[in-house]
Amino acid sequence: MEPTLDDPNFWTEMMTLRDPAYREPTDDELLQLEDDVTDAAHDLARAISTRESAYRANGQEVPDGVCASPDWTLAYLYALHEIDGIAKRLANRYARTAGATGATYAHLGTAWGGITKQAARLRWPGAVRRPTDLADGAEPFELRLAGGLAEIIQLPDECGFVWEATGADGTSGQGEEPYGSRTEAAGRAGAFLARHASAYDHDAAHAECIEPHPTSDGYADCDGKPL
């Protein structure tokens with residue numbers, strides 16, 4: 001049976017680190033990435049260039065040679081600066097997500113061009129969490145999925161993990177009981193976010209689903225009937 005996105009077992013498996021996590025990209029894939037970044041910077045430079053804006057404001061077509069002007073080149077350089085900032089913010093987010101769900105600093109360092117685990121720890125301090133870190137006051141691990149947000153929280157004294165989430169459709173929920181691992185709690189939270197995505201298609205998401213779903217009164221099947 002095909003797994004469904006709101007199946008907690010599916011998300012538990014998804015949150016378990018697979019090693020190796022990726023293969024080396026091919027030369028063609030890297031060239032395509034460079035082309036994509038080039039196009040993205042070009043589009044932003046065109047949008048923010050005062051020279052191009054002046055042509056458009058006067059109802060004139062922008063000449064092909066505009067990109068040779070020093071001010072347009074500066075607009076392109078500014079666009080690359082913004083792309084660099086976005087890449088750094090995304091790297092910070094995904095390093096912390098990986099570190100919170102099983103990746104080590106050695107994994108992070110390898111993924112970031114082969115830097116040492118010490119260098120990775122300096123770049124992303126606190127990204128890799130020990131099982132007791134959350135009990136000592138660290139921030140909960142955040143899981144973003146299908147437009148929603150969940151927080152995985154460790155209970156004091158290592159009594160397990162719980163989750164709280166708000167789906168893209170505005171529905172809020174939380175784990176009914178502590179789970180034995182952060183991975184299992186994240187799996188349950190991921191299933192909740194999938195069920196409460198924007199414009200959620202219940203029939204499609206629950207196709208052939210036989211998992212019991214927690215409710216305030218116990219458990220129900222996919223049609224809401226108590227079990």
Side-chain angles (χ1 to χ4, degrees), residues 14-15 17-129 138-152 166-168 186 190 193-194 197-199:
M14 284 296 103
M15 301 302 291
L17 178 65
R18 177 176 292 185
D19 198 5
Y22 54 87
R23 62 168 175 77
E24 291 293 323
T26 65
D27 290 342
D28 286 344
E29 288 167 339
L30 290 175
L31 287 172
Q32 182 61 57
L33 176 61
E34 183 173 347
D35 287 345
D36 292 342
V37 174
T38 299
D39 290 343
H42 185 270
D43 290 344
L44 181 56
R46 291 204 61 192
I48 65 177
S49 166
T50 55
R51 184 180 294 272
E52 284 212 30
S53 297
Y55 278 110
R56 289 191 291 268
N58 293 326
Q60 298 174 292
E61 289 192 9
V62 179
D64 292 337
V66 69
C67 59
S69 66
D71 46 88
W72 194 96
T73 305
L74 288 175
Y76 189 86
L77 183 62
Y78 183 89
L80 290 174
H81 167 74
E82 290 299 311
I83 289 173
D84 181 61
I86 291 170
K88 289 177 179 176
R89 290 194 294 274
L90 289 174
N92 181 64
R93 178 189 303 174
Y94 282 94
R96 295 185 182 282
T97 298
T101 51
T104 66
Y105 277 115
H107 289 124
L108 299 184
T110 299
W112 197 249
I115 64 175
T116 65
K117 63 181 181 181
Q118 292 83 3
R121 184 178 287 109
L122 290 174
R123 179 175 288 273
W124 299 296
V128 175
R129 300 176 184 173
E139 293 183 0
F141 160 58
E142 291 186 350
L143 173 64
R144 298 177 185 272
L145 175 71
L149 172 65
E151 290 186 334
I152 315 303
T166 300
L193 294 177
S198 182

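The two residues A79 and A41 make their nearest non-hydrogen contact at CB-O, 3.5 Å. Contact between A186 and L143 at its shortest, heavy atoms only, is O-CD2, 3.6 Å. The two residues A103 and L108 come nearest to each other via the heavy atoms CB-CD2, 4.4 Å. Residues V37 and I83 come closest through the heavy atom pair O-CD1, 4.0 Å. The minimum heavy-atom distance linking A168 with A146 is given by the pair CB-O, 3.2 Å. The shortest heavy-atom contact between H42 and W72 is CD2-CH2, 3.5 Å.
Atoms CG and CG, from L149 and L193 in turn, are 7.5 Å apart once rounded to the nearest 0.5 Å. Between atom CD of residue E61 and atom OH of residue Y55 there is a gap of 11.5 Å, rounded to the nearest 0.5 Å. Atoms CG and CG, from D39 and L44 in turn, are 13.0 Å apart once rounded to the nearest 0.5 Å. Taking CZ of R123 as the reference point, atom CD of Q118 lies at 14.5 Å (rounded to 0.5 Å). Between the OH atom of Y76 and the CG atom of D71 there is a distance of 16.0 Å, given to the nearest 0.5 Å.
Between Y22 and T110, some side-chain heavy-atom pair lies under the 4.5 Å cut-off.
With hydrogens and angles ignored, the 3.5 Å screen pairs no side-chain donor or acceptor of Y105 with any backbone N or O of T116. At distances below 3.5 Å, not a single donor-acceptor pair connects side-chain atoms of E52 with backbone N or O atoms of S49.
H107 and T104 form a side-chain donor-acceptor contact under 3.5 Å, judged by distance and modelled atom types alone.
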Please assess V62 against R51 for the test side-chain contact (heavy atoms from CB on, under 4.5 Å), listing each intermediate value before the final yes or no. CA-CA 9 Å; V62 179; R51 184 180 294 272; over 6 Å; no
Walk me through whether E29 and E34 qualify under side-chain contact (heavy atoms from CB on, under 4.5 Å). CA-CA 9 Å; E29 288 167 339; E34 183 173 347; over 6 Å; no
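Residue pairs meeting the side-chain hydrogen bond (donor to acceptor under 3.5 Å, both in side chains) criterion with at least one member in residues 83-92, sequence neighbours excluded: D84-K88, N92-R96.
Just one residue in the list D36, D35, D28 forms a side-chain hydrogen bond (donor to acceptor under 3.5 Å, both in side chains) with Q32, and that residue is D36.
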